[in-house]
Colleague: 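Mind looking over this structure? Questions follow.
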Protein chains: 2
Amino acid sequence: MKQLDLRIIKTKESLKEALMLLLKEKTLNSISVTEICRLAKVNRGTFYTHYGQVENLFEEYFKEIMQNLKDSYLEPYKYAWTIHTKELNPATIRIFHHIEKYEEFYRIVFSKTAPLNYYYLLFDHLQQLLDEDMRLHGNDKIDTGMLSAYQANAILGLVIEWHRQDFKQNAEEMNKLLVELLKYVTQD
Amino acid sequence: MKQLDLRIIKTKESLKEALMLLLKEKTLNSISVTEICRLAKVNRGTFYTHYGQVENLFEEYFKEIMQNLKDSYLEPYKYAWTIHTKELNPATIRIFHHIEKYEEFYRIVFSKTAPLNYYYLLFDHLQQLLDEDMRLHGNDKIDTGMLSAYQANAILGLVIEWHRQDFKQNAEEMNKLLVELLKYVTQD
DNA sequence: AATTTTATTATACAGTTGTTCATTAAAAAA
DNA sequence: TTTTTTAATGAACAACTGTATAATAAAATT
């Protein structure tokens with residue numbers, strides 16, 4: 001079992017802390033490696049031994065948030081719902097609350113200059129959560145990969161629109177809206 | 001009426017041509033301003049008077065493709081369909097064929113390193129097309145902005161999954177799949 | 001505590017970026 | 001055609017990038 005060198009931990013913490021400070025003042029996109037290293041008092045060469053670019057450092061933060069997404073999603077799992085929209089209970093959809101909680105972070109992730117990769121990573125996590133639902137409650141008459149992709153994206157689409165409207169609605173309203181939309185699409 | 005200087009047209013054409021050549025060999029992300037200018041035989045300073053970065057040059061190409069999307073969407077408009085999924089006719093959804101036609105382009109647009117902005121631009125065009133449908137056939141019991149966002153994203157979600165599966169299905173199959181998914185979500 | 005391992009540093013390098021400015025040359029207007 | 005306007009060029013600038021290497025220092029191992 002390989003023990004992590006304390007120097008590495010310290011370096012990474014310094015770099016992360018510096019990035020977080022800079023993110024309060026400027027966009028991810030405009031932050032340079034040099035700038036982070038100056039603030040973190042870490043040699044620029046050291047940065048490159050751990051991360052290839054600023055985005056890779058940001059992704060460590062990303063992983064933390066994704067873990068929280070998973071937790072907040074599973075928490076109210078007792079109200080289990082399936083892809084059958086009429087059984088959908090707004091209280092079970094925690095993702096809007098999660099995003100509300102980490103609004104600052106998601107403003108970065110959904111900004112115009114952010115690489116599409118963040119969308120994909122977020123998508124993957126969400127799809128995986130939906131897959132768990134489907135495996136438990138859904139039937140399998142259809143390509144489950146495509147279906148869960150469809151479902152995950154329906155939610156993410158709403159989230160993107162939410163972001164574009166500057167998160168003016170609150171999470172509860174977004175939950176209700178999702179239910180409304182699903183009902184509307186479902187009705188004849 | 002301001003007449004465009006011939007020199008500007010020539011410069012822009014040279015730059016675009018150079019970018020297109022480079023895109024056949026490497027990713028958008030790895031192409032530098034210097035490289036484009038070397039190939040186009042255009043002074044680097046001139047590049048910056050017209051475009052701030054490589055992505056801005058790429059967006060000119062983007063606009064052309066978007067015009068084609070609109071054309072290919074409106075073409076079979078006679079088979080008009082609404083958001084009521086049961087009336088959806090696969091033949092009316094031309095977007096998959098459009099993407100199939102410009103596959104090379106969409107591989108760039110959906111690549112991990114592409115800025116989210118391309119997604120937004122594509123989204124806007126698609127949403128606008130759907131809005132036209134809604135204004136003609138939809139009722140207005142619900143927030144139309146959110147609804148068209150939801151619809152546009154449902155389709156884009158499928159497109160992204162299509163891209164991730166390396167466009168292995170053909171456009172016709174994707175059309176059928178969309179209809180299947182909508183039916184499935186609609187059924188009780 | 002002494003030794004070994006390895007992460008960090010300082011330094012240097014060629015290349016890119018984004019900007020500025022005087023000069024040149026090409027297009028538009030007279 | 002001549003004059004005027006303005007786009008393109010070449011050169012120079014400081015700053016950042018990505019990489020490499022020898023020297024140093026800090027952690028892990030014995």
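All values reported here derive from a predicted model rather than from experimental measurement. Letters go in sequence order (proteins before strands), and every chain restarts at 1.
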Colleague: According to the side chain to side chain donor-acceptor pair (under 3.5 Å) rule, which pairs have a member within residues 57-66 of chain B, sequence neighbours left out?
Modeller: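 Applying side chain to side chain donor-acceptor pair (under 3.5 Å) to every pair that reaches into residues 57-66 of chain B, excluding sequence neighbours, yields B:Lys16-B:Glu64, B:Tyr51-B:Glu60.
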Colleague: Tabulated below should be each protein N or O lying under 3.5 Å from an N or O of nucleotides 17-24 of chain D; please produce it.
Modeller:
unit_1, atom_1, unit_2, atom_2, d
D:dT17, OP1, A:Val33, N, 3.3
D:dT17, OP2, A:Thr34, N, 3.1
D:dT17, OP2, A:Thr34, OG1, 2.7
D:dG18, OP2, A:Tyr48, OH, 2.9
D:dG18, N7, A:Arg44, NH1, 2.9
D:dG18, O6, A:Arg44, NH2, 3.2

Colleague: Consider the side chain of A:Val42, meaning its heavy atoms from C-beta on, and name the nucleotide among D:dA8, C:dT9, C:dT8 that approaches it most closely.
Modeller: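 So the nucleotide nearest the side chain must be C:dT9.
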Colleague: Check the pair B:Asp71 / B:Gln67 against side chain to side chain donor-acceptor pair (under 3.5 Å), numbers first and verdict last.
Modeller: CA-CA 6 Å; B:Asp71 295 345; B:Gln67 187 52 50; 3.2 Å; yes
Colleague: Any side-chain N or O of B:His50 under 4.0 Å from OP1/OP2 of D:dA8?
Modeller: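 For D:dA8, OP1 or OP2 has a side-chain N or O of B:His50 closer than 4.0 Å.
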Colleague: Send over the distance from A:Asp5 CG to D:dA25 P, rounded to a whole Å.
Modeller: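 From A:Asp5 CG to D:dA25 P: 17 Å.
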Colleague: Find the distance between CD1 (B:Ile99) and CG (B:Leu122) and round it off to the nearest 0.5 Å.
Modeller: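 One finds 6.5 Å between CD1 of B:Ile99 and CG of B:Leu122.
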Colleague: Which residues pass the side chain to side chain donor-acceptor pair (under 3.5 Å) test with A:Ser32, sequence neighbours left out?
Modeller: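 Here no residue qualifies.
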Colleague: Salt bridge or not for B:Arg107 and B:Asp166, using N-O below 4.0 Å?
Modeller: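 Counted as a salt bridge, because a side-chain N and a carboxylate O are separated by less than 4.0 Å.
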Colleague: Please walk me through it: do B:Asn68 and B:Lys101 pass side-chain contact (heavy atoms from CB on, under 4.5 Å)?
Modeller: CA-CA 10 Å; B:Asn68 179 282; B:Lys101 184 174 172 186; 3.6 Å; yes
Colleague: If I take atom CG in residue B:Leu4 and atom P in nucleotide D:dA7, what distance separates them, rounded to the nearest angstrom?
Modeller: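 After rounding, the reported distance stands at 10 Å.
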Colleague: Kindly calculate the angle separating the two end axes of the helix from C:dA1-D:dT30 to C:dA30-D:dT1, each obtained from five base pairs, and round it to 10 degrees.
Modeller: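 The angle, to the nearest 10 degrees, is 30°.
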Colleague: Are any of B:Thr46's side-chain N or O atoms less than 4.0 Å away from OP1 or OP2 of D:dT9?
Modeller: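 B:Thr46 to D:dT9 OP1/OP2: side-chain N or O found under 4.0 Å.
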Colleague: So, does A:Asn170 use its side chain to make a donor-acceptor pair with the main chain of A:Glu173 at under 3.5 Å?
Modeller: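 Flag set: sc A:Asn170 to bb A:Glu173 pair under 3.5 Å.
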Colleague: Nearest 0.5 Å please: distance from the CD1 atom of B:Ile31 over to the CG atom of B:Leu22.
Modeller: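 B:Ile31 CD1 to B:Leu22 CG: 5.0 Å, rounded to 0.5 Å.
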Colleague: Using the test side chain to side chain donor-acceptor pair (under 3.5 Å), find all partners of A:Glu104 that sit at least two apart in sequence or belong to another chain.
Modeller: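 Here no residue qualifies.
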Colleague: Check whether any side-chain heavy atom of A:His163 sits under 4.5 Å from a side-chain heavy atom of A:Val159, and report yes or no.
Modeller: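 In short, these two side chains do not touch, never coming nearer than 4.5 Å.
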Colleague: Any idea how A:Tyr118 and A:Phe58 line up, ring-wise: parallel (<30°), tilted (30 to 60°), or perpendicular (>60°)?
Modeller: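 Answer is tilted, since the angle falls between 30° and 60°.
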Colleague: Where along residues 6-14 of chain B does a heavy atom fall under 4.0 Å from DNA chain C?
Modeller: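 Contacts with DNA chain C under 4.0 Å: B:Leu6, B:Arg7, B:Lys10.
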Colleague: Mind calculating the distance between CZ (A:Phe47) and P (C:dA7) to the nearest angstrom?
Modeller: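 After rounding, the gap between these two atoms is 17 Å.
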Colleague: To the nearest Å, give me how far apart OH (A:Tyr51) and P (C:dA7) are.
Modeller: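 Checked: the OH to P distance equals 14 Å.
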